[in-house]
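Report on the structure given below.
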Amino acid sequence: MRPSVLFKASYGLCLALSLLCVIVVMCWSSYWTGGFAWDCPALQFNWHPVLMVSGLVVLYANTAVVYHVPFTWKLVHAGLMLLAILGLCAVFDFHRGFQIHDLYSLHSWVGICTVATFAFQMVHLPCSAQWFCSAMKPVHIWLGKTILILSLTSSISGIMRNCSSHCNTRAPYSSLPEEAKLVNSLGIFIVAFGMVVFGILIKKEWKRPETHQSLNGIISINGRLNVVFFVTVDFTTCDDKYY
């Protein structure tokens with residue numbers, strides 16, 4: 001079945017918001033907070049919002065929408081995990097450099113839960129037997145959606161925490177720093193992006209057709225070859241609607 005006009009428009013909006021989120025977070029970190037470095041704790045922290053928003057929000061959500069394009073999904077998920085680890089290293093090194101205690105804020109707790117859940121989701125199912133994978137399919141789908149919600153929540157809470165240190169709530173809004181306005185806009189873009197992604201995912205008619213045909217991780221859907229996440233495993237038991 002050919003994609004509908006509404007799906008194309010929704011996916012186009014998803015891509016536009018994806019690009020907007022990445023551009024805004026990079027502008028924020030590079031222009032207002034001094035740029036990037038790995039040997040200076042103050043500048044090393046600037047990698048944290050960029051890696052987390054780009055990886056666990058934008059790329060992760062887009063894999064939920066277009067997971068059926070030709071690619072090796074193990075590499076995608078491994079890349080996302082690498083971005084998450086680098087993002088965590090950046091913030092923990094920043095804390096050590098300035099003698100700041102770790103895991104004191106709600107943002108930190110939600111962020112750690114996000115990465116831990118993603119690591120669990122990534123590791124346990126590909127290494128499991130087919131019968132276990134099939135039995136855990138509902139949990140697998142639920143965890144995928146949960147990770148996306150946690151990613152959005154941790155990003156918004158991190159933005160709120162940063163803005164609280166820049167804003168004087170008793171001053172008129174006209175005196176709000178330009179940086180704070182940009183960061184608030186980033187939060188709105190992330191929320192809008194999440195709404196569009198979930199709007200796409202809940203449309204049953206936009207789901208990929210199921211098939212039992214599987215050969216060395218390559219299957220045929222509507223005459224096109226697509227690489228699936230689990231090699232030599234029945235497609236409908238472990239990869240149907242991953243999120």
Side-chain angles (χ1 to χ4, degrees), residues 7 9-25 48-69 71-88 91 105-126 133 136-161 186-208 228-230 238-243:
F7 172 78
S10 299
Y11 182 53
L13 181 58
C14 176
L15 291 179
L17 288 170
S18 299
L19 184 61
L20 195 57
C21 288
V22 174
I23 290 175
V24 172
V25 73
H48 178 69
V50 172
L51 292 174
M52 291 308 191
V53 171
S54 300
L56 286 182
V57 175
V58 171
L59 290 180
Y60 185 84
N62 273 282
T63 59
V65 176
V66 294
Y67 71 108
H68 54 283
V69 299
F71 204 71
T72 304
W73 286 109
K74 287 184 179 180
L75 295 179
V76 174
H77 286 74
L80 291 175
M81 196 67 226
L82 178 60
L83 291 178
I85 292 173
L86 291 175
L88 290 179
V91 71
S105 66
L106 176 62
H107 165 68
S108 300
W109 285 39
V110 175
I112 290 296
C113 288
T114 305
V115 175
T117 307
F118 177 73
F120 174 77
Q121 177 86 321
M122 177 182 174
V123 172
H124 89 285
L125 278 176
C133 188
M136 291 295 292
K137 177 183 173 182
V139 178
H140 187 57
I141 297 172
W142 173 75
L143 280 178
K145 295 177 180 178
T146 300
I147 293 168
L148 182 54
I149 294 173
L150 288 174
S151 299
L152 295 169
T153 303
S154 59
S155 296
I156 297 301
S157 61
I159 291 171
M160 290 177 59
R161 186 184 180 196
L186 173 61
I188 296 298
F189 294 148
I190 291 175
V191 170
F193 172 69
M195 292 174 63
V196 172
V197 169
F198 276 107
I200 293 174
L201 296 181
I202 63 175
K203 296 284 286 186
K204 294 183 179 180
E205 58 268 30
W206 291 348
K207 289 185 179 181
R208 178 179 56 187
V228 299
F229 181 75
F230 298 102
C238 293
D239 199 40
D240 173 55
K241 204 57 186 174
Y242 178 75
Y243 300 91

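Each residue takes its place number in the sequence, starting with 1.
- Note that the CG atom of L152 and the CD1 atom of I149 stand 8.0 Å from one another [nearest 0.5 Å].
- Taken to the nearest 0.5 Å, the CG atom of L17 stands 4.5 Å off from the CG atom of L13.
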Per-pair distances, 0.1 Å, donor-acceptor, side chain in residues 186-200, under 3.5 Å, sequence neighbours excluded:
none

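- Taking S157 as the reference, H107 meet the side-chain hydrogen bond (donor to acceptor under 3.5 Å, both in side chains) condition, with sequence neighbours excluded.
- To the nearest 0.5 angstrom, L59 atom CG is 11.0 Å from S151 atom OG.
- Across C21 and V58, no two heavy atoms sit closer than the pair CB-CG2, 4.1 Å.
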* Asked: Checking side chain to side chain contact (heavy atoms under 4.5 Å, CB included) for the pair R161/S108: CA distance, chi angles, key distance, verdict?
  -> CA-CA 10 Å; R161 186 184 180 196; S108 300; 4.1 Å; yes

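- Under the rule for a ring pair (Phe, Tyr, Trp, His ring centres under 6.0 Å), the partners of H48 that lie at least two apart in sequence or sit in another chain are F45.
- For T117, there are no side-chain hydrogen bond (donor to acceptor under 3.5 Å, both in side chains) partners at least two apart in sequence or on another chain.
- With sequence neighbours excluded, the residues satisfying side-chain hydrogen bond (donor to acceptor under 3.5 Å, both in side chains) with S18 are N62.
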Would you be so kind as to tabulate the donor-acceptor pairs closer than 3.5 Å made by side chains of residues 49-56, with sequence neighbours excluded?
residue: S54; atom: OG; partner: V50; partner atom: O; Å: 2.7

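- For the atom pair SG (C14) and CG (L201), the distance works out to 8.5 Å, reported to the nearest 0.5 Å.
- No donor-acceptor distance shorter than 3.5 angstrom exists from the side chain of Y60 to the backbone of F118, with no hydrogens or angles considered.
- Applying side-chain contact (heavy atoms from CB on, under 4.5 Å) to S154 and the options L106, V57, I112, T114 leaves one that passes, T114.
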